[in-house]
Number of protein chains: 2
Amino acid sequence: MSVDERRGRPTIRDVARHAGVSITTASRVVNGKPYVQRELVDRVRAAITELGYRRNDLARGLKVRRSRSIALVIADLSNPFYGACAAAIEETCRSRGYSLLLCSSDEKPDIEQAYLQLLLQRQAEGILLIPTDRDHSDLVDEQTAGIEIVAIDRPIQGLATDCVVVDNDVAAKAATQHLLDHGHSRIAYIGAAPTLYTNVERLRGYESALAGAGRAPIVRMGAASVGSARRAAQSVLQMKDPPTAIFTMNNLVTVGVLQAAHEAGLEVPRDLAIVAFDDVVLADVLRPRLTVIRQPARELGEAAARMLIERLEGAYSGVPRIVRLPTTFVVRESCGCHAETQLEGPRGGSLQAARS
Amino acid sequence: MSVDERRGRPTIRDVARHAGVSITTASRVVNGKPYVQRELVDRVRAAITELGYRRNDLARGLKVRRSRSIALVIADLSNPFYGACAAAIEETCRSRGYSLLLCSSDEKPDIEQAYLQLLLQRQAEGILLIPTDRDHSDLVDEQTAGIEIVAIDRPIQGLATDCVVVDNDVAAKAATQHLLDHGHSRIAYIGAAPTLYTNVERLRGYESALAGAGRAPIVRMGAASVGSARRAAQSVLQMKDPPTAIFTMNNLVTVGVLQAAHEAGLEVPRDLAIVAFDDVVLADVLRPRLTVIRQPARELGEAAARMLIERLEGAYSGVPRIVRLPTTFVVRESCGCHAETQLEGPRGGSLQAARS
DNA sequence: ATGAAAGCGCTAACAC
DNA sequence: GTGTTAGCGCTTTCAT
């Protein structure tokens with residue numbers, strides 16, 4: 001064993017020595033740069049395979065001042081909606097040559113904050129953030145210090161960034177209207193954290209539809225888990241004049257409401273119609289099949305990743321963009337319909353100025 | 001703007017200058033090391049906040065030769081089973097001070113291979129791998145070169161590593177036996193890729209139960225998606241003497257089989273009993289509720305991460321361990337039962353030598 | 001076409 | 001206690 005094959009992984013220095021060339025030449029070959037003789041290229045290549053050399057990207061990043069890594073701070077990976085989103089992000093980042101640092105905030109502001117600090121230390125070039133429900137204006141400094149941030153699913157409070165969301169209000173309004181068209185007059189809304197952006201928007205759409213029909217809203221909030229959603233549904237179903245239809249705010253809530261409906265022995269949609277925001281896996285084998293607003297989870301992630309990378313590579317550096325992606329209203333049976341139809345949500349995913 | 005606040009993020013050198021101390025002292029304060037005067041500590045701290053200094057972990061890693069990052073190469077993030085697994089891994093890694101590099105192989109060997117190379121370059125200290133269905137003996141060199149690998153969900157072909165799986169065969173056998181106990185004699189098995197480890201193991205359990213009862217197996221393989229699972233179920237249901245029960249190999253297959261059963265107008269469990277491997281979200285609001293083998297997805301991820309970190313920190317360096325975690329048989333109604341019961345699978349998650 | 005040398009930001013001997 | 005200095009592995013002028 002010669003001196004250049006000692007402890008640890010071989011460095012480019014080892015490769016150079018082994019091939020009998022300078023470090024510069026070795027580096028050129030490693031990075032596929034021109035201006036190296038055929039023969040030297042071969043010698044270096046041979047040394048590389050022989051030694052099992054692999055470039056150290058950390059050292060490289062230190063020198064070129066680019067980590068080529070992007071961080072994803074996600075709310076909850078075990079939620080299929082975010083899972084699909086993350087999968088699309090991962091693909092997009094990889095295809096553009098970036099690595100993905102994964103962080104799960106579990107919707108907790110303090111975990112998120114700690115992560116954001118860590119990611120700065122780790123030299124993430126950009127951050128894809130599904131922000132927790134708190135003020136983020138403390139990040140203004142970091143932003144001006146050069147780190148790019150793109151928000152997903154909800155805008156970041158107190159920070160102007162690129163952002164990609166879905167047409168929550170429009171979709172919720174259309175779905176509620178659909179229930180009204182079926183003749184329902186008492187339609188309940190069961191939502192998660194009251195101040196959560198998506199909840200606020202969806203509630204707005206729901207209320208706007210009801211107002212248009214001169215009906216009174218029936219709202220239950222704070223259903224942050226399947227269990228609490230179930231309890232919320234129970235409470236609403238035990239009213240003196242219970243609703244004949246329920247609009248559920250997300251997939252967790254949907255499961256809880258379905259459980260409560262079963263327990264109460266209600267037949268859907270005869271006794272209780274249901275329309276859900278967010279598709280769920282077994283929606284089409286449920287009896288009756290579930291009518292849902294399907295979110296473009298993958299497109300959401302992909303768009304966000306693309307926008308971030310555009311910023312990182314200087315392809316865009318203007319004012320913060322907000323992209324609103326269309327949902328799909330999948331009409332099945334739980335709303336009272338018989339046939340399955342898919343309606344494209346209004347407005348395409350065009351770049352729009354911030355909404356009114 | 002003084003000279004130490006010029007372009008880019010401030011370095012420890014800037015901090016030292018700003019505080020009027022040496023770089024070493026600044027470094028000591030940054031890393032919370034002892035032997036620094038109270039007063040200097042304060043001065044350095046002040047400089048840090050004033051400058052907005054953040055340690056560059058890449059540079060640090062280069063020096064201390066540790067990246068403190070772990071890579072997760074996962075099959076499919078949009079599958080809730082892997083999502084839950086990933087969430088647990090993320091938590092475990094964070095709590096131990098490691099960052100997580102996320103890579104999705106999409107079950108494709110070439111993507112996986114490219115990632116493995118990249119991760120080496122990125123100086124990942126260890127790899128958590130849900131391996132694709134190929135021979136991995138090319139990784140032997142990397143392994144001896146010092147990178148630690150732990151397999152999840154299935155062992156790595158051609159590579160002896162720590163590994164954590166569930167009791168596939170035992171669980172499948174018990175579930176099949178349950179169907180036999182209900183009086184079924186024609187029980188079909190619908191599985192994914194024929195050579196996939198989990199498929200092989202589950203099939204083994206299924207066949208062993210049938211053999212014990214003197215019944216003939218009815219097997220359909222290659223159902224790698226919901227659609228193909230549905231077609232497989234259709235084909236099996238159109239046999240001259242169709243099965244009266246189906247054992248589904250994973251959550252994708254389950255959905256496809258359920259679809260096929262609906263289409264065929266079969267009433268479950270009267271016309272067709274179903275037992276599924278892997279829990280699904282709406283299993284308990286389906287009518288009838290679905291009897292499933294629940295996998296400990298989070299525990300799987302957590303155990304794997306813990307084992308990897310033990311290796312990285314020298315807490316264990318013995319022979320490859322294989323951990324087999326118990327599943328839970330959740331008896332609901334699709335099997336023909338009426339009550340809901342949970343049976344702990346046999347054998348705890350004890351460390352065992354490689355299986356026979 | 002090739003190489004010598006400087007230095008990215010940091011830590012850790014080692015000297016004072 | 002504090003500071004000087006030598007690299008970690010790499011890229012990149014700038015000579016030659």
Side-chain angles (χ1 to χ4, degrees), chain A residues 4-44 47-48 51-69 120-125 145-146, chain B residues 4-44 47-48 51-69 120-125 145-146:
Chain A
D4 57 351
E5 285 155 13
R6 58 200 187 292
R7 64 188 65 261
R9 298 192 68 84
T11 75
I12 198 165
R13 193 189 189 98
D14 298 323
V15 171
R17 265 211 274 270
H18 199 87
V21 299
S22 75
I23 295 181
T24 312
T25 299
S27 173
R28 286 199 179 108
V29 174
V30 168
N31 295 293
K33 297 233 174 98
Y35 306 127
V36 182
Q37 273 189 358
R38 237 340 250 261
E39 195 213 321
L40 292 194
V41 172
D42 293 342
R43 286 220 314 260
V44 173
I48 288 174
L51 262 34
Y53 170 78
R54 211 87 61 197
R55 183 179 71 191
N56 181 333
D57 280 350
L58 266 41
R60 174 171 216 271
L62 179 60
K63 183 66 193 173
V64 302
R65 319 182 79 121
R66 292 210 57 181
S67 66
R68 290 200 81 84
S69 67
L120 259 24
Q121 294 192 177
R122 290 266 173 177
Q123 307 302 109
E125 292 185 23
Chain B
D4 58 349
E5 284 155 14
R6 57 201 186 292
R7 63 189 66 261
R9 299 192 67 86
T11 74
I12 198 163
R13 193 188 188 99
D14 298 322
V15 171
R17 265 211 274 271
H18 198 87
V21 299
S22 76
I23 295 181
T24 311
T25 301
S27 172
R28 285 197 180 110
V29 174
V30 167
N31 295 293
K33 297 233 174 99
Y35 306 126
V36 182
Q37 272 191 1
R38 238 337 250 260
E39 195 212 321
L40 292 195
V41 172
D42 293 341
R43 286 219 314 260
V44 173
I48 289 174
L51 262 33
Y53 169 77
R54 212 89 59 200
R55 182 180 71 191
N56 182 332
D57 280 351
L58 264 42
R60 174 172 215 272
L62 180 59
K63 183 65 191 174
V64 303
R65 321 183 77 119
R66 293 212 54 181
S67 65
R68 291 201 81 85
S69 67
L120 258 25
Q121 293 193 178
R122 291 265 171 177
Q123 307 301 111
E125 292 186 23

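Naming: A, B, ... by sequence-line order, numbering from 1 per chain.
Rounding to whole angstrom units, CZ of residue A:Arg43 and C1' of C:dA1 are separated by 13 Å. Rounded to whole angstrom, the span from the CZ atom of A:Arg38 across to the P atom of C:dT2 amounts to 13 Å. One interatomic measurement links the two molecules: CZ of A:Arg13 to C1' of C:dA4, which rounds to 12 Å at whole-angstrom precision. Straight-line distance from the CG atom of B:Asp14 to the P atom of C:dC8: 11 Å, rounded to whole Å. Between the CG atom of B:Leu40 and the P atom of D:dG1 there is a distance of 11 Å, rounded to whole Å. Taking atom CD1 of B:Ile12 as the reference point, atom P of C:dG7 lies 19 Å away to the nearest angstrom. When rounded to the nearest whole Å, the span between CG of A:Leu120 and P of C:dG9 equals 15 Å. The CG-C1' distance, from A:Asp57 to D:dT11, rounds to 13 Å in whole Å.
The listed nucleotides are C:dC8, D:dT11, C:dC10; the one nearest the side chain of A:Leu62 is C:dC8. Closest to the side chain of A:Asn56, from the set C:dG9, D:dG9, D:dT2, is D:dG9.
In this structure, CD on A:Gln123 lies 10.0 Å from CG on A:Leu58, to the nearest 0.5 angstrom. The line from CG of A:Leu51 to OG1 of A:Thr11 is 9.0 Å long, rounded to the nearest 0.5 Å. Atom CG of residue A:Asn56 and atom CZ of residue B:Arg65 lie 9.5 Å apart, to the nearest 0.5 angstrom.
The phosphate of C:dG9 (OP1 or OP2) has a side-chain N or O of A:Arg65 nearer than 4.0 angstrom. Applying the 4.0 Å criterion to OP1 and OP2 of C:dG3, one finds that A:Ser22 has a side-chain N or O inside that range. For C:dG3, the OP1/OP2 oxygens have no side-chain nitrogen or oxygen of A:Tyr35 closer than 4.0 Å.
Helix-axis bend for the helix from C:dA1-D:dT16 to C:dC16-D:dG1: the local axis fitted to the five terminal pairs at one end deviates from that at the other end by 40°, rounded to 10°.
In this structure, A:Ile12 and A:Tyr53 approach most closely via the heavy-atom pair N-CE1, 3.4 Å. Closest non-hydrogen pair, B:Arg122 versus A:Ser69, comes out as NH1-CB, 3.8 Å. Contact detail for B:Ala47 and B:His18: the closest heavy-atom pair is CB-CD2, 3.7 Å. Closest non-hydrogen pair, A:Val21 versus A:Ala26, comes out as CG2-N, 4.2 Å. Pairing each heavy atom of A:Asp14 with each of A:Arg9, the nearest pair is OD2-O, 4.4 Å.
Only one option out of A:Arg54, A:Arg55, A:Arg60 pairs with A:Asp57 in a side-chain hydrogen bond (donor to acceptor under 3.5 Å, both in side chains); it is A:Arg55.
Using a 4.0 Å heavy-atom cutoff across all strands shown, B:Val21 reaches sugar-phosphate atoms only and no base atom.
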For nucleotides 12-16 of chain C, tabulate all protein N/O to nucleotide N/O atom pairs closer than 3.5 Å, reporting atom names and distance.
unit_1, atom_1, unit_2, atom_2, d
C:dA12, OP2, B:Lys33, NZ, 3.1
C:dA12, N6, B:Thr24, OG1, 3.1

